Trainee: 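Okay, handing you the structure first.
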Amino acid sequence: MRKIVIALSVLMALTSCVSKKQYAALEAKNKETQDLLNSCTVKLNSCLEEKAGLAATAESYKQHNQDLINSSKDLTVLTTKGAENLEKSLESLKEKDLKISRLQDALTKKDSVTLALVTSLKGAVGINDPDIEINVEKGVVFISIADKLLFKSGSYEVSDKAKSVLAKVAKVVNDKPDFECMVEGHTDDVPYKSNGIILDNWDLSVKRSTSIVRVLTNDLGVNPAKLIAAGRSSYVPLVANDSAENKARNRRTRIVVMPKIDQFYDMIEKEMKKQAK
């Protein structure tokens with residue numbers, strides 16, 4: 001019996017000893033597992049935080065990308081509108097350039113036409129005298145002759161020297177049947193002393209005009225129906241009447257040649273062809 005008790009005691013002691021070792025091992029394993037679990041939990045939490053951060057960053061990038069897409073669309077619209085406005089501006093500039101070019105061409109042609117007509121008339125009249133001016137304004141030709149070539153001071157009687165000049169003017173008028181001429185008398189601003197026949201500068205300017213008309217018709221064969229006599233007194237001066245030289249310039253007879261438009265351009269065309277050769 002005693003042996004049985006001793007055997008049971010030994011067995012129990014052995015059994016108790018094995019259980020403690022296993023327990024310790026299990027406890028160690030449990031602690032290791034718990035530490036591993038804790039470590040994994042920390043890592044998991046860190047990963048979750050990182051995931052949340054990345055998700056927020058991704059959302060931010062997504063929003064930024066959408067903003068860029070929207071900006072790109074707006075920029076495309078602005079660029080399209082800008083391109084359209086630029087195209088309109090360029091078209092407008094082209095139109096303006098074309099208008100300017102046409103105006104420049106017109107001015108060039110006008111200058112050429114004026115030169116051609118003046119040259120033609122000077123050639124026809126054969127006059128090269130500083131006291132005789134020929135110019136063109138608005139399709140009308142003006143031949144201005146200083147009074148010293150036509151009259152003596154204070155007189156309205158045409159001089160013999162003047163008749164040779166007027167003969168050349170008459171030739172131009174007679175060569176162009178459809179031309180009309182207005183003969184204008186001009187004086188300076190010195191008041192004319194009445195002699196009972198001529199009262200003032202108005203009378204003197206008109207009398208000089210009618211004297212020229214009579215020479216053109218009676219002596220040089222110009223058709224009277226083509227002539228107009230007019231007097232302007234001192235009221236259309238070329239320059240200020242502030243010197244003897246200027247007063248002499250203002251004392252003049254102006255012959256205004258008014259051709260029909262077709263003859264006007266016919267004369268121009270002929271002269272332009274001459275210059276082109």
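In this chain, numbering begins with 1 at the start of the sequence shown. Everything numeric here is computed off the predicted structure, so don't read it as measured data.
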Trainee: Indicate yes or no: at least one non-hydrogen side-chain atom of Leu238 is less than 4.5 angstrom from one of Arg252.
Mentor: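 The answer is yes; the side chains approach within 4.5 Å.
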Trainee: Are Leu227 and Tyr156 in one and the same hydrophobic cluster, where Ile, Leu, Val, Met, Phe, Trp and Tyr link if side-chain heavy atoms are under 4.5 Å apart?
Mentor: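 Different hydrophobic clusters.
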Trainee: How far does OG of Ser144 sit from CD of Glu184, to the nearest 0.5 angstrom?
Mentor: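 So the gap between those two atoms works out to 9.5 Å.
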Trainee: Ignoring hydrogens and angles, tell me if any N or O in the side chain of Ser233 forms a donor-acceptor pair with the backbone of Tyr235 under 3.5 Å.
Mentor: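 Pair absent, no side-chain N/O of Ser233 close to backbone of Tyr235.
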Trainee: Partners of Ser243 by side-chain contact (heavy atoms from CB on, under 4.5 Å), sequence neighbours excluded?
Mentor: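 For Ser243, the residues satisfying side-chain contact (heavy atoms from CB on, under 4.5 Å) (neighbours in sequence not counted) are Glu245, Asn246.
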Trainee: Could you list the residues that satisfy salt bridge (charged side-chain N to carboxylate O under 4.0 Å, His left out) with Asp203, not counting sequence neighbours?
Mentor: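 Partners of Asp203 by the salt bridge (charged side-chain N to carboxylate O under 4.0 Å, His left out) criterion come out as none, since no residue qualifies.
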Trainee: Minimum heavy-atom separation for Leu216 to Leu166, with atom names?
Mentor: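 It is CD2-O, 3.8 Å.
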Trainee: Should the pair Glu180-Lys226 be classified as a salt bridge under the 4.0 Å nitrogen-to-oxygen rule?
Mentor: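 Between Lys226 and Glu180 there is no salt bridge, as every charged N stays at least 4.0 Å from the carboxylate O atoms.
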Trainee: May I ask you to decide if Val239's main-chain N or O and Asn250's side chain share a donor-acceptor pair within less than 3.5 Å?
Mentor: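 Side chain of Asn250 to backbone of Val239, a donor-acceptor pair under 3.5 Å: yes, one is there.
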Trainee: Looking at every non-hydrogen atom in both residues, tell me the closest pair between Leu199 and Ser194 and how far apart they are.
Mentor: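 The answer is O-CB, 3.6 Å.
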Trainee: Applying side-chain contact (heavy atoms from CB on, under 4.5 Å), name anything that partners Asn195, two or more places apart in sequence or on another chain.
Mentor: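 Per chain and number, Asn195 pairs via side-chain contact (heavy atoms from CB on, under 4.5 Å) with Tyr192, Ile197, Ile198.
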Trainee: In terms of hydrophobic clusters joined by side-chain contacts under 4.5 Å, are Val213 and Val206 together?
Mentor: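 No, no single cluster joins them.
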Trainee: Only counting residues at least two apart or in another chain, list the ones meeting salt bridge (charged side-chain N to carboxylate O under 4.0 Å, His left out) with Asp189.
Mentor: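 Asp189: salt bridge (charged side-chain N to carboxylate O under 4.0 Å, His left out) contacts with Lys247.
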Trainee: According to a 4.5 Å side-chain heavy-atom criterion applied to Ile, Leu, Val, Met, Phe, Trp and Tyr, with indirect links allowed, do Val257 and Val169 form part of one hydrophobic cluster?
Mentor: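 Both belong to a single hydrophobic cluster.
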Trainee: Tell me every residue that passes salt bridge (charged side-chain N to carboxylate O under 4.0 Å, His left out) with Lys152, counting only those two or more places apart in sequence or in another chain.
Mentor: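 Here no residue qualifies.
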Trainee: Check Ile255 against Ile145 and note the closest heavy-atom contact, atom names and distance.
Mentor: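 Minimum heavy-atom separation between Ile255 and Ile145: CD1-CD1, 4.2 Å.
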Trainee: State yes or no: do Leu220 and Ile143 share one hydrophobic cluster built from I, L, V, M, F, W and Y residues joined by side-chain heavy-atom distances below 4.5 Å, directly or via other members?
Mentor: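 Looking at the clustering, Ile143 is in the same group as Leu220.
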Trainee: Just do the side-chain contact (heavy atoms from CB on, under 4.5 Å) check on Val256 and Ile228 with the steps written out, would you?
Mentor: CA-CA 9 Å; Val256 185; Ile228 303 167; over 6 Å; no
Trainee: How far apart are the closest heavy atoms of Ala162 and Leu149, and which atoms are they?
Mentor: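 Taking Ala162 first and Leu149 second, the nearest heavy atoms are CB-O, 3.1 Å.
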Trainee: Is Lys163 close to Asp219 at the side-chain level, that is, under 4.5 Å between some pair of heavy atoms?
Mentor: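 Yes, at least one pair of side-chain atoms sits under 4.5 Å.
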Trainee: If we ignore hydrogens and angles and just use 3.5 Å, is the side chain of Ser205 paired with the main-chain N or O of Thr187 as donor and acceptor?
Mentor: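 No, Ser205 side chain to Thr187 backbone: no donor-acceptor pair under 3.5 Å.
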Trainee: Heavy atoms, side chains only, cut-off 4.5 Å: are Arg208 and Glu157 in contact?
Mentor: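 Arg208 vs Glu157: side chains apart.
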Trainee: Mind checking what makes side-chain contact (heavy atoms from CB on, under 4.5 Å) contact with Thr253, not counting sequence neighbours?
Mentor: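 If we apply the side-chain contact (heavy atoms from CB on, under 4.5 Å) test to Thr253, skipping adjacent residues, the hits are Asp147, Leu150, Phe151, Val183, Ile212.
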Trainee: The test is side-chain contact (heavy atoms from CB on, under 4.5 Å); show your working for Arg251 and His186 and say whether it passes.
Mentor: CA-CA 5 Å; Arg251 294 191 301 270; His186 295 261; over 6 Å; no
